[in-house]
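FYI, side chains are in, hydrogens and waters are out, and symmetry mates aren't considered; it's all heavy atoms of this structure. Lettering follows sequence order; numbering is per chain, from 1. Predicted model only: the values in this text are computed from it and were never measured.
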Amino acid sequence: MDHPVRVRFAPSPTGPLHIGGVRTALFNWLYARHTGGKFILRIEDTDQARYVPGSIELITDGLRWLGLDWDEGPEVGGEYGPYIQSERTALYRQWADWLVDQGKAYRCYCTSERLDNLRKSGVQGYDLHCRTLSTEDRAAHEANGDSYVIRFKMPLDGQTTVHDLIRGDITVENSTLTDLVLLKSDGFPTYHLANVVDDHFMEISHILRAEEWIPTAPVHRQLYDAFGWEMPAIAHLPVILNPNGRGKLSKRTVGFTEDGRSVPVRLNEFREAGYLPEAIVNFLTNIGWSFGEDREVFSVAETIERFDLSRINPAGGKFPLEKLDWLNGVYVREMATDKLVALLGERLAAAGYRVDQAKLVELLPLIRPRVQRLDDVIEKAGFFFVDAVHPTLNDLIQKQMDAADTQRALQEAYDLVAGTDDFSAEGLEVALRTLSDELGLKTSQFFGLLRVALTAQQVAPPLFETMVILGREACLARIQAAQALLVDTPV
RNA sequence: GCCCCAUUCGUCUAGUGGCCCAGGACGUGGCCCUCUCAAGGCCAAAACAGCGGUUCGAGUCCGCUAUGGGGCACCA
């Protein structure tokens, strides 16, 4: 039992990685890195019907983006390859045939129509029809060239127990197990066969997979026993549930929170929404596992040092999206300036803004605590990178003010901004506060109308710093534009 | 329907029989700061699903019930 640790993540190439799969990959990776073992990526593409071209690239790109590197697998190779199941079909066939030769499996000639009818009549599993075929009937089918599948002979009585590293023993009555298909009529293996054969020949030491696989664990135990192979240690990770409490998130295309907000499910959706890989990793680590010491925020290095199976919580949980938002904000606040500038610059550029890098560096302190997801930069700083803004009259005119008051205040502000010698945040603040008093306005009114004039937003970063970064000319132009708006619009 | 897994604040979790009239975090509410919004600081409300056992003692062990989830394919 003291094999070197070799764990694997074995997704099917049916599209982009979903967040549940990412969490499974992450835990496997953490376990490998913690133990100094190997993390293997294996592609389980045995269902030709569900194969989506390009999926493998999507999966590898996603893992790399998160920083989950694999020691063996597609693109990196390894001694146990190939790591794509469709390239290993001869192996599966060989071992399926071996089981038939040993009398532990059999050819089943049942048509899909017969199987459908069986299911419709309420039969669970397979009715063992071909298990008990006479030698003559079998020969007849062969002579006829009938297509067949290979089914496993499940024990009819007794019990099967599998030890789960985080749940303890799981025991089922063998009578509830069925003669599952190992090799399909198209010559491809089913998940069960391919998985067991590969885990054995790739010398996988620990299987860490999602909870939804628990029912197949006893089935796989039987398969290992039939082959006479040692079964890897196994642990089933809790599933991540949809926040609205209906079903697991992993399988859904869209999840929803209680207030109806849609929850991203695929990894690329998180990426597009402006979540950082570091935040996603930290976040996912906190679902079903906890760092301890009452800590919620920790680095990957710290996690690797501490990660172990004994701290895994067996209960499934809902996806706490709000916590991800918060955590992403934490990482945004801690990120190195040049890196953050690059990321935010990309977002702005993608949204069509002409980004001035130097200006972005300058204004970063203003928006950093206000950005949670990278996309927020557009709302917080977009107005810095346009030639003109377009406030509405309604936003411009503050509470308890009319157009004439507003016009006068703007004119005074214009004169001040145009004439002041001290165009610094401190200087502007002192001068504008004084002016606000002289005009008999509350600062919330005066600063509010200036904010709208300069940014076309009611909510924006601090006013005076904003003015400095905007520059005197831009400020004057925008104040003038606001004045023009007041004149041009009939009251 | 059958089988399996789980069950601590709204949510993610700590808790491995006495340190728990249950700790942290997100979220929520209040206060402070304040030119708006954040960030930050302080404070507050908020949970051991229920019932039986075992034990001197149970959130922690056992059973039943309830609830949630998963699985019952020539899909993984």
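Taking the nucleotide of RNA chain B with the nearest heavy atom to each of A/Val123 and A/Ile287, the more 5' of the two is matched to A/Ile287. Nearest-nucleotide positions on RNA chain B place A/Asp294 closer to the 5' end than the other of A/Tyr191 and A/Asp294.
Across all strands shown, B/G1 is found opposite B/C72 as a Watson-Crick or G-U wobble partner, with both distances under 3.5 Å. Taking a pair to require two hydrogen-bonding distances under 3.5 Å in either a Watson-Crick or a G-U wobble arrangement, B/G59 remains unpaired. For B/U34, there is no paired nucleotide, since no Watson-Crick or G-U wobble pair has both relevant distances below 3.5 Å. When both distances must be under 3.5 Å, the Watson-Crick or G-U wobble mate of B/A6 is B/U67. Pair assignment for B/A44 gives B/U28, based on Watson-Crick or G-U wobble hydrogen-bonding distances that are each under 3.5 Å.
In this structure, A/Thr46 reaches the B/A76 phosphate: one of its side-chain N or O atoms is under 4.0 Å from OP1 or OP2. A/Arg119 has a side-chain polar atom (N or O) that falls below the 4.0 Å cut-off from OP1 or OP2 of B/C74. At least one side-chain nitrogen or oxygen of A/Ser290 sits closer than 4.0 Å to the OP1 or OP2 atom of B/A14. Checking the phosphate oxygens (OP1, OP2) of B/A76, no side-chain nitrogen or oxygen of A/Arg50 falls inside 4.0 Å. For A/Lys318, no side-chain nitrogen or oxygen approaches OP1 or OP2 of B/G10 to under 4.0 Å. Contact annotation: A/Arg311 reaches the phosphate of B/G15 (side-chain N/O to OP1 or OP2, under 4.0 Å). Taking 4.0 angstrom as the limit, A/Asn313 places a side-chain polar atom (N or O) nearer than this to OP1 or OP2 of B/A14.
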Item to complete: Do nucleotides 36-43 of chain B as a string where each nucleotide becomes B, S or -: B if the base has a protein heavy atom under 4.0 Å, S if just the sugar-phosphate does, - if no protein is that close.
Response: BBBSS---
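Within the nucleic acid shown, A/Gly288 comes within 4.0 Å of sugar-phosphate atoms alone, with no base atom in reach, counting heavy atoms only. Here A/Val172 lies in heavy-atom contact (under 4.0 Å) with sugar-phosphate atoms only. As judged by a 4.0 angstrom heavy-atom cut-off over every strand, A/Thr14 is placed among residues making no nucleic acid contact. As judged by a 4.0 angstrom heavy-atom cut-off over every strand, A/Gly317 is placed among residues touching the sugar-phosphate backbone only. Using a 4.0 Å heavy-atom criterion, one finds that A/Trp213 contacts the bases of the nucleic acid, with or without backbone contacts as well.
Taking the six-membered ring for Trp and thresholds of 30 and 60 degrees, A/Tyr109 and A/His141 have nearly parallel ring planes, at less than 30 degrees apart. Classified by interplanar angle (parallel below 30°, tilted 30° to 60°, perpendicular above 60°), the ring pair A/Phe201/A/Trp95 is tilted. Ring pair A/Phe307/A/Phe27 is perpendicular by interplanar angle, where above 60° counts as perpendicular and below 30° as parallel.
Taking atom CD of residue A/Glu212 and atom C1' of nucleotide B/G68, one finds them 16 Å apart after rounding to whole Å. Atom CG of A/Leu118 is separated from atom P of B/C72 by 16 Å (rounded to the nearest Å). Rounded to whole angstrom, the span from the NE2 atom of A/His192 across to the P atom of B/G71 amounts to 12 Å. In this structure, A/Asp45 atom CG and B/C75 atom P are separated by 13 Å, rounded to whole Å. Rounded to an integer number of Å, the gap from A/Leu183 CG to B/C75 P is 11 Å. Rounded to a whole Å, the CD atom of A/Glu173 is 8 Å from the P atom of B/C4. For the pair A/Asp325 CG and B/U11 C1', the computed distance is 13 Å after rounding to whole Å. If you measure from atom CG of A/Asn282 to atom P of B/U13, you get 14 Å, rounded to the nearest angstrom.
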Less than 3.5 Å apart, which donor and acceptor atoms pair up between the side chains of residues 447-456 of chain A and the rest of the protein, not counting sequence neighbours?
{"from": "A/Thr455", "atom 1": "OG1", "to": "A/Arg451", "atom 2": "O", "distance (Å)": "2.7"}
{"from": "A/Thr455", "atom 1": "OG1", "to": "A/Gln457", "atom 2": "N", "distance (Å)": "3.0"}
{"from": "A/Thr455", "atom 1": "OG1", "to": "A/Gln457", "atom 2": "O", "distance (Å)": "3.2"}

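For a distance-only test at 3.5 Å, the side chain of A/Ser185 qualifies as a donor-acceptor partner of the base of B/C74.
Residue A/Glu44 places its side chain closer to B/A76 than to any other of B/G1, B/A76, B/U7. Candidate nucleotides B/C5, B/A76, B/C74 were compared by shortest atom distance to the side chain of A/Thr216, and B/A76 ranks first. The listed nucleotides are B/G1, B/A76, B/C12; the one nearest the side chain of A/Pro320 is B/C12.
Comparing the same atom, C1', in B/C32 and in B/G15 gives a spacing of 34 Å after rounding to whole Å. With both ends at atom P, the span from B/U60 to B/A14 equals 16 Å, rounded to whole Å.
Atom CZ of A/Arg138 sits about 11.5 Å away from atom OH of A/Tyr148, to the nearest 0.5 Å. Between the CD atom of A/Glu173 and the CD atom of A/Gln159 there is a distance of 4.5 Å, given to the nearest 0.5 Å.
In the model, A/Asp198 has a side-chain atom that pairs as donor or acceptor with a side-chain atom of A/Tyr92 under 3.5 Å. Checked by atom type, the side-chain pair A/Glu302/A/Ser299 shows a donor-acceptor distance below 3.5 Å.
Within 6.0 Å of atom CG in A/Asp422, more than 12 heavy atoms from other residues, nucleotides or ligands are found, so the atom counts as buried in its surroundings. The 12-atom threshold is exceeded at CD of A/Glu334, counting heavy atoms of other residues, nucleotides or ligands nearer than 6.0 Å.
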